[in-house]
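Working notes, beginning with the structure itself.
Naming: A, B, ... by sequence-line order, numbering from 1 per chain.
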Number of protein chains: 2
Amino acid sequence: MTTKKKTKDLILDAAEELFAIRGFYGVSIRQITTKAEVDPALASYHFGKKKDIFDAVMLRRAEILNRERIQMLDDCIRRAKPNPAPLHEIIDAFTHALLNRSNKGGKGWRSYFAIIAQINNHPELGGIIMSQYFDPLAKKFLQAIHANMPEANDEDLYWCYHFLSGALTLTFSGTERISKLSDGLCPSNDLDAVHDRLVPFITAGFKAFMNPFTIGR
Amino acid sequence: MTTKKKTKDLILDAAEELFAIRGFYGVSIRQITTKAEVDPALASYHFGKKKDIFDAVMLRRAEILNRERIQMLDDCIRRAKPNPAPLHEIIDAFTHALLNRSNKGGKGWRSYFAIIAQINNHPELGGIIMSQYFDPLAKKFLQAIHANMPEANDEDLYWCYHFLSGALTLTFSGTERISKLSDGLCPSNDLDAVHDRLVPFITAGFKAFMNPFTIGR
DNA sequence: AATATTTTTCAACAATTGTTTAAATATTGT
DNA sequence: ACAATATTTAAACAATTGTTGAAAAATATT
């Protein structure tokens, strides 16, 4: 028995899809409520200001994702005890939930990641939500890496995390761009294929900073 | 003798700075012309539609950058002949002009890269400009890489390029985010430091796909 | 100096923006 | 059943949106 969707979710769904395509400023409340087949005033009634709609959209899935990622990270740390967790497992824990949802999670999830890709490069909009939910995870992740590479330089590791974050982010939004760039060059858009390449790529990148005296080469 | 700046450039400068902060839809023509201290109608007169202003902003510096990058790539290929160019030199040729301008190019260049970071993750706006100017370079770059790693899988290399592009992009826009995330963790925002880490990181990532049978580990 | 062309100004346009108000309807608790 | 609360509707708000038109001023050409 599927109960009828509540107005709040109708608005969030519509907003999510539109924000993904045109960004925060590129979408009007009326466009959202029209798509949701709902009166414009209901947006203000349920959420308040426009920015609050955006925050609500972000919050919905951030909680789910974060729970999953922390879980995976903790699991692989516990499995390896008393040794440090293997590097590629740590990175997999960091990326798996994202790539998996992006691949098999349906349209809503894909829209969500497209928004993330936008605001990750745009601090003004990411605001509290992103910091609140993703920064703590980043810290946990870096700690695990550091346990695996204790001799590595802290600053190096931080930048490596940065590169990982960028590669991951662009992957989300790049689905359409890919087919444009390649004329018969890039074959599959399957995100499983991405995952199989991202993890070794990033792992190798991190490992380049194993020895603190090899910087620059 | 410094001649007074022409209206066209005043508009482009103002637009560049504003687009960098709030994105295309988040900036109005009046905000642009106000910042440029110029009549609103002049925007339409000189450029036409709003999107044309955006395209003009993109075009201005894309030409400069591209010339530099192709030059560097050709140079390092010629230097190495008849051998293939070293991997780290290829990657340096791809990133150096960008990171250098982003670091020492002044406010205008920094705004420009912030816009790139936005539209790189947002196909609708990048449009013709990005494809026209950056895709050919990407192809040249991938060819050079392939010459260095002839046994590597084409699809692998394509994705590696993708990761590089993402890491590079996020680096441009991330300057502000960095100081937020780290409480005493991330030290320097100096982009020279980024460059010294990005190149070995990416080089190592590519090298992980040297042997086509090692995929997945 | 007179003419032609380019650039700038000022005013206005209809359309859309986010948000609020008050009345009508639906839902809930008792 | 009634009363209380929550939700929905429709209309309106002032402000801002991108763009245009016709004069005015500045510049270039002859």
Side-chain angles (χ1 to χ4, degrees), chain A residues 1-60 115 118-119 122 124-129, chain B residues 1-60 115 118-119 122 124-129:
Chain A
M1 157 231 189
T2 52
T3 62
K4 209 181 113 207
K5 254 189 186 169
K6 303 304 288 181
T7 313
K8 262 190 170 185
D9 281 314
L10 288 176
I11 294 177
L12 288 184
D13 289 342
E16 185 173 60
E17 191 173 339
L18 289 173
F19 284 148
I21 304 173
R22 320 238 312 161
F24 178 75
Y25 299 107
V27 176
S28 75
I29 288 188
R30 271 161 175 100
Q31 289 170 345
I32 294 174
T33 52
T34 299
K35 187 176 197 73
E37 296 177 289
V38 141
D39 191 275
L42 289 178
S44 303
Y45 174 73
H46 283 288
F47 297 99
K49 309 289 183 188
K50 185 185 177 187
K51 180 78 201 308
D52 297 325
I53 303 179
F54 188 80
D55 288 344
V57 168
M58 291 289 90
L59 203 57
R60 250 204 313 183
I115 301 177
Q118 287 179 47
I119 67 172
H122 198 290
E124 181 178 332
L125 286 176
I128 320 139
I129 305 289
Chain B
M1 157 230 187
T2 51
T3 62
K4 211 183 112 206
K5 252 188 185 169
K6 305 302 288 183
T7 314
K8 262 190 170 184
D9 281 314
L10 288 175
I11 294 177
L12 288 184
D13 289 342
E16 186 173 60
E17 190 172 340
L18 289 173
F19 283 147
I21 304 173
R22 319 238 312 162
F24 178 75
Y25 299 106
V27 176
S28 75
I29 288 188
R30 273 164 173 96
Q31 289 170 345
I32 294 174
T33 53
T34 298
K35 187 176 198 73
E37 294 176 291
V38 141
D39 191 275
L42 289 177
S44 303
Y45 173 72
H46 282 288
F47 297 99
K49 308 290 182 189
K50 184 185 177 186
K51 180 78 200 308
D52 297 325
I53 304 178
F54 188 81
D55 288 343
V57 168
M58 291 288 91
L59 204 57
R60 246 201 319 181
I115 301 177
Q118 285 180 47
I119 67 173
H122 198 289
E124 181 179 333
L125 286 177
I128 320 141
I129 305 289

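Among residues two or more places apart in sequence or in another chain, the ring-ring contact (aromatic ring centres under 6.0 Å, His included) test is passed with A/Phe47 by none.
In this entry the distance linking OH of A/Tyr45 with C1' of C/dA22 reads 14 Å, nearest Å. Here C/dG18 presents its P atom at 15 Å from CZ of A/Phe47, a figure rounded to the nearest Å. One atom, CZ of A/Arg30, and another, P of C/dT20, lie 13 Å apart when rounded to the nearest Å. Put simply, CG on A/Leu42 is 15 Å from P on C/dG18, counting in whole angstrom units. To the nearest angstrom, P of C/dT19 lies 13 Å from CD1 of A/Ile11. Rounded to whole Å, atom P of C/dT8 lies 11 Å from atom NZ of B/Lys8.
The side-chain tip of B/Lys50 points at the ring of B/Phe24 from less than 6.0 angstrom away and within 45° of straight on.
Take the nearest nucleotide of DNA chain D for A/His46 and for B/Asp39: the residue whose nucleotide is more 5' is A/His46. Heavy-atom distances to DNA chain C give each of A/Ser44 and A/Gln31 a nearest nucleotide, and the one nearer the 5′ end belongs to A/Gln31.
In this structure, A/Ala15 and A/Ile53 approach most closely via the heavy-atom pair CB-CG2, 3.9 Å. Of all heavy-atom pairs spanning B/Gly23 and B/Gln118, the tightest one is CA-OE1, 3.2 Å.
Within the 4.5 Å cutoff, side-chain heavy atoms of A/Val38 are placed close to those of A/Ile11. Within the 4.5 Å cutoff, no side-chain heavy atoms of A/Leu42 are placed close to those of A/Lys8. Using a 4.5 Å heavy-atom threshold, the side chains of A/Thr7 and A/His46 count as touching. Counting only heavy atoms from C-beta outward, the side chains of B/Ile115 and B/Val57 approach each other to under 4.5 Å.
Ion pairing between B/Asp13 and B/Arg60 holds under the 4.0 Å rule for side-chain N and carboxylate O.
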Each base of DNA chain D marked ( ) or [ ] if paired in-strand (Watson-Crick or G-U under 3.5 Å), | if paired to another strand and . if unpaired gives .|||||||||||.||||||||||.|||.|.
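Residue contacts shown for A/Ala41 include a base, since a base heavy atom lies under 4.0 Å away. Residue contacts shown for A/Ser28 are limited to sugar-phosphate atoms, with no base heavy atom under 4.0 Å away.
With a heavy-atom cut-off of 4.0 Å to chain A, the contacted part of DNA chain D has its first and last nucleotide at D/dA6 to D/dA12.
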